[in-house]
Amino acid sequence: MDVLYFAWVRERIGLPREKVETDATTVAELVAELRRREERYEVAFADLSALRVAIDQELTDFDAPISGAREVAFFPPMTGG
Amino acid sequence: MDVLYFAWVRERIGLPREKVETDATTVAELVAELRRREERYEVAFADLSALRVAIDQELTDFDAPISGAREVAFFPPMTGG
Amino acid sequence: MRVLVQDSPFDLAAEMTGFGGDGMGAIVTFTGVVRNNDRGDLVAMDIEHYPGMTQSALTRIATEASARWSLGDVLVIHRHGRLEPGEQIMMVATASRHRKDAFEAAEFLMDYLKSRAPFWKKEITRDSADWVAARDEDEAALGRW
Amino acid sequence: MRVLVQDSPFDLAAEMTGFGGDGMGAIVTFTGVVRNNDRGDLVAMDIEHYPGMTQSALTRIATEASARWSLGDVLVIHRHGRLEPGEQIMMVATASRHRKDAFEAAEFLMDYLKSRAPFWKKEITRDSADWVAARDEDEAALGRW
């Protein structure tokens with residue numbers, strides 16, 4: 001699946017998107033798996049309350065299932081308008 | 001003093017403004033005096049709740065004093081915007 | 001602050017050029033347009049006003065809005081005379097640092113314009129000419145400010 | 001309904017030409033402008049977005065507004081990229097028969113755009129580049145709808 005990062009999440013992880021192979025069944029599990037990879041992921045995902053997640057371009061929660069998802073995106077709270 | 005009429009008040013009385021010599025001390029007394037004049041005034045002023053009044057171009061009430069007023073205007077509730 | 005009372009049309013775009021000025025992040029406009037009546041037979045809306053009082057009444061309303069909200073700019077334009085369906089009747093614009101102030105001030109201006117500015121509308125159809133009645137809900141709208 | 005996501009400027013006047021259409025008496029616009037920061041040293045605002053999601057998120061918000069209020073027309077434009085102080089960031093416009101619907105729908109659109117459309121602002125000054133933090137009051141504003 002494609003994992004996308006925006007704003008300071010992108011900056012901390014150091015790339016805008018990557019392919020991830022995972023057995024995680026929820027967003028939270030995917031995050032736990034990413035945090036174990038490298039310190040930059042650990043730093044980026046340290047505070048989930050400061051993050052938002054979208055599955056296939058729709059906002060959702062961290063306990064949402066990701067089976068079948070093509071694209072999971074992580075980003076800070078939005079500041080449009 | 002000048003007495004002005006707008007919208008349907010103007011149409012019922014049949015003129016937009018006139019000079020009035022009066023000893024009335026309040027708007028209500030002036031109205032009572034006008035109503036005694038002719039039926040068209042009686043008709044125009046029949047229902048004071050449907051009328052508004054301005055003294056010297058400021059909205060006021062029917063019990064307001066008119067001594068020293070240069071201009072008293074009668075009209076229906078406003079429908080701007 | 002600008003307050004204009006006129007029979008000629010106005011140009012929203014021209015009025016908005018440079019409106020607001022430095023540091024204003026939020027601009028709200030409201031434009032009122034003559035809309036046809038439910039029967040679809042409106043020929044024109046005839047708008048009478050009280051020339052001596054109109055400018056000062058609008059200025060007072062705009063001044064009150066500027067006192068209540070933090071505004072960088074306020075504009076009020078109101079036309080009078082004969083206006084056909086689709087023509088613009090009036091507009092207000094507000095500029096503020098934040099959207100809440102700009103929205104609230106524009107709504108305040110509109111609520112007061114409706115019931116406290118000396119304009120009266122007459123609806124002209126092919127067969128009739130009737131003064132538009134004030135709506136209770138317009139008077140009631142003032143209660144929230 | 002029109003929803004535009006673009007890096008180029010937009011022209012409020014051109015967008016408003018013909019907006020609303022027959023029978024709509026009330027048109028409300030909101031325009032967001034890049035304003036300088038309190039220190040006055042803003043060089044630019046850099047606006048990042050999520051290309052695949054932005055258009056659909058804005059369309060969903062506009063559709064929701066159309067479902068909740070009686071609207072003749074809705075327009076949403078949001079820019080991305082590098083914008084300097086004084087430049088327009090975004091606008092919404094609503095047309096309705098009555099002013100209450102037009103105002104409420106515009107405020108609803110703005111509240112949702114602020115917190116539910118995938119845009120992130122970065123403030124660039126001569127010495128720094130900081131992501132703008134979401135404001136609790138913007139999130140709280142959603143509670144009223």
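A note on names: the letters A, B, ... follow the listed sequences, proteins ahead of strands, and every chain is numbered from 1. Not measured: the values here are computed from a predicted model.
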(message) Which one wins on heavy-atom pair count under 4.5 Å against chain D: G25(C), A14(C), A13(C)?
(response) G25(C)

(request) Evaluate the ring planes of F103(D) and F103(C), with Trp represented by its six-membered ring, and classify them as parallel (under 30°), tilted (30 to 60°) or perpendicular (over 60°). (result) perpendicular

(request) Applying side chain to side chain contact (heavy atoms under 4.5 Å, CB included), run through H98(D) and E137(C) and close with a yes or a no. (result) CA-CA 12 Å; H98(D) 301 295; E137(C) 63 198 88; over 6 Å; no

(message) More than 12 heavy atoms of other residues, nucleotides or ligands under 6.0 Å from CZ of R68(C): yes or no?
(response) yes

(request) Below 4.5 Å from any heavy atom of chain D, which atoms of V28(C) appear? Answer side chain, backbone, both or neither. (result) both

(message) Given heavy-atom pairs under 4.5 angstrom as the criterion, report whether the side chain, backbone, both or neither of M110(C) touches chain D.
(response) both

(request) Report yes if some heavy atom in the side chain of R97(D) is under 4.5 Å from a heavy atom in the side chain of R35(C); otherwise report no. (result) yes

(request) Answer whether the closest heavy-atom distance between the side chains of E107(D) and E107(C) falls below 4.5 Å. (result) yes

(request) May I ask you to say whether K100(D) pairs ionically with D138(C), meaning some side-chain N is under 4.0 Å from a carboxylate O? (result) no

(message) Counting heavy-atom pairs closer than 4.5 Å to chain D, which one of T31(C), T29(C), V33(C) comes out on top?
(response) T29(C)

(message) So for atom CZ, which belongs to R2(D), do other residues, nucleotides or ligands contribute more than 12 heavy atoms lying within a distance under 6.0 Å?
(response) no

(message) Less than 4.5 Å to any heavy atom of chain D: does that hold for the side chain of D111(C), its backbone, both, or neither?
(response) both

(request) Considering only heavy atoms and a distance below 4.5 Å, find which of M24(D), M16(D), R99(D) pairs most often with chain C. (result) R99(D)

(message) Other residues, nucleotides and ligands only: do more than 12 of their heavy atoms fall within 6.0 Å of CZ on R144(C)?
(response) yes

(message) Within a 6.0 Å radius of atom CG on D136(D), are there more than 12 heavy atoms belonging to other residues, nucleotides or ligands?
(response) no

(request) Using non-hydrogen atoms and a 4.5 Å limit, figure out which bit of A106(C) sits close to chain D: side chain, backbone, both or neither. (result) both

(message) Nearest 0.5 angstrom please: I27(D) CD1 to L12(C) CG, how far?
(response) 8.5 Å

